[in-house]
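Following: one structure in structure tokens, then a few remarks.
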Amino acid sequence: MNIQKIEQILKDQKQPKFRLGQIKKAVYQDGISNFSEISTIPKELRSVLEKERVLSFEVEKVLVSKDGNSAKALVKLNDGNKIETVLISPKTDIWSVCISCQVGCPMNCAFCATGQTGFKRNLTAEEIVDQVLFWKGWLLGTKSPIGDLVPRRVSNVVYMGMGEPFLNWEEVLESLKILSDPKGMSFGSRSISISTVGIPGGIEKLTEDFPQVNLAVSLHFPQDENRDAFMPANKNLSLEKLKIELEKYFQKSNRKVFLEYILFSRLNDSEKDAKNLLGYIKSFEKPQLLHVNLIRYNSSSNNQETRDKKQKITKADKFVSSSSEQAIKFRNYLLENKINCTIRRSLGADIEGACGQLAGKK
Ligand code: SAH
């Protein structure tokens, strides 16, 4: 919802200031998706606002996974660019919205489909918040194909869709304010998580501007050599420098940080790799504040083998997911060494809505 525009209309219509609060309540909290349906404002104002759309974009398609636990929306922005946004239910009665903050991503991690599409532009705070608004309305809508599960409301928001939040901090920060504002969407800060690949100064900005939300770091490789090879961002913020930024964060916030670790077969899933990860974590002053989330690699059609007319392989997926046995071994090694660790269930892989599969194409 474009707040500035609404404010201008209210001013032009010589409406009292409290009208904005009524509109915000109706849209952000009650999930009303049409200004004409806001019963708390005068009829004349409704008919003026009727011409405006609540969402800043159009949703072209919604795909629902077979198990009904996730859905992915293809969104067409006003300038024709496309992004994806995902709704997942990791547990009964819990709905998390996974939002994008950029069109594409400039980070270019070798295993991530978003990076392969290149970077187009940053999203505005409005475009970020509208993804949550869209899913809120979709869950409330009677036509949503996801059963009769209750409660049909969004419980969490994770910035784990397309893009790198700390490269679009101003707009992300503005969106965080709207999402957590008691007069906005009123999410508790603890229900919001930001994930970063690690950008110099990024975590510091979070600590200064919005320390209440959860922080996740996409680590994936506990040694610079491998991290450099597959995650170019590591060249600007090596593991040692990342550690310094995290130690500062711990000193100020004393809050837990999640380390995301994708398990790739034979690349980073051996006992030696687990030992390296353990060494990295143990080198922190308070290792107990780090929680490892293991995710098995999700393949995507963007990374998969493609063949030319002569059936010659032109592009092959060089990454293979670890087996679940290997994931359990890896986790157990960390647990035995007193490191908090969980294996994250991957949701929405059949609709290419899982981590690292968002390419803004289908
Ligand atoms: N740029 C931020 C936000 C994106 S979050 C970040 O990197 O943290 C998306 C998460 O999915 C990241 O942890 C990312 O590393 C992970 N991911 C990317 N490709 C993946 C894949 N193919 N399988 C599983 N996870 C993947």
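Order of appearance sets the numbers: ligands from 1, and atoms from 1 within every ligand.
Proximity to M160 (heavy-atom distance under 4.0 Å) selects the following atoms of ligand 1: 5 (S), 9 (C). Which parts of ligand 1 touch V197 is read off a 4.0 Å heavy-atom cut-off, strictly below it: atoms 6 (C), 7 (O), 8 (O). Under a 4.0 Å criterion applied to the non-hydrogen atoms of C112, ligand 1 contributes the atoms 18 (C), 19 (N). Using a 4.0 Å cut-off to heavy atoms of S195, the atoms of ligand 1 that qualify are 2 (C), 3 (C), 5 (S), 6 (C), 8 (O).
At least one heavy atom of H220 sits less than 4.0 Å from an atom of ligand 1. Taking a 4.0 Å cut-off on heavy atoms, E164 registers as neighbouring ligand 1.
Y159 pairs in a side chain to side chain contact (heavy atoms under 4.5 Å, CB included) with only one of the listed residues (C98, S195, S175), which is S175. Just one residue in the list K24, R19, K25 forms a side chain to side chain donor-acceptor pair (under 3.5 Å) with Q22, and that residue is R19.
By the criterion of a heavy-atom distance under 4.0 Å, the backbone of T196, and not its side chain, is placed next to ligand 1.
For the residue pair N34 and R53, no side-chain donor N or O sits within less than 3.5 Å of a side-chain acceptor on the partner.
Ligand 1 has no N or O atom lying under 3.5 Å from any N or O atom of E260, backbone or side chain. Taking distance alone, with nitrogen or oxygen atoms compared against 3.5 Å, F111 approaches ligand 1 more closely than that limit. Taking only nitrogen or oxygen atoms, main chain and side chain alike, N298 reaches within less than 3.5 Å of ligand 1.
In this structure, the ring of F230 has its center less than 6.0 angstrom from the ring center of F221. Between H220 and Y261, the distance separating the two ring centers is not shorter than 6.0 angstrom.
Between E52 and K5, at least one side-chain nitrogen of the basic residue sits less than 4.0 Å from a carboxylate oxygen of the acidic one, meeting the salt-bridge criterion.
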What verdict does the salt bridge (Lys or Arg N to Asp or Glu O under 4.0 Å) test give for R344 and E260, after you've listed the backbone C-alpha separation in whole Å, the side-chain angles of each residue and the deciding distance to 0.1 Å? CA-CA 9 Å; R344 257 197 6 211; E260 309 292 311; 2.7 Å; yes
Take K82 and E60 through the test salt bridge (Lys or Arg N to Asp or Glu O under 4.0 Å) and record every step on the way to the result. CA-CA 9 Å; K82 290 186 184 174; E60 288 200 329; 3.1 Å; yes
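The residue among G161, G163, C105 with a heavy atom at the shortest distance from atom 1 (N) of ligand 1 is G163.
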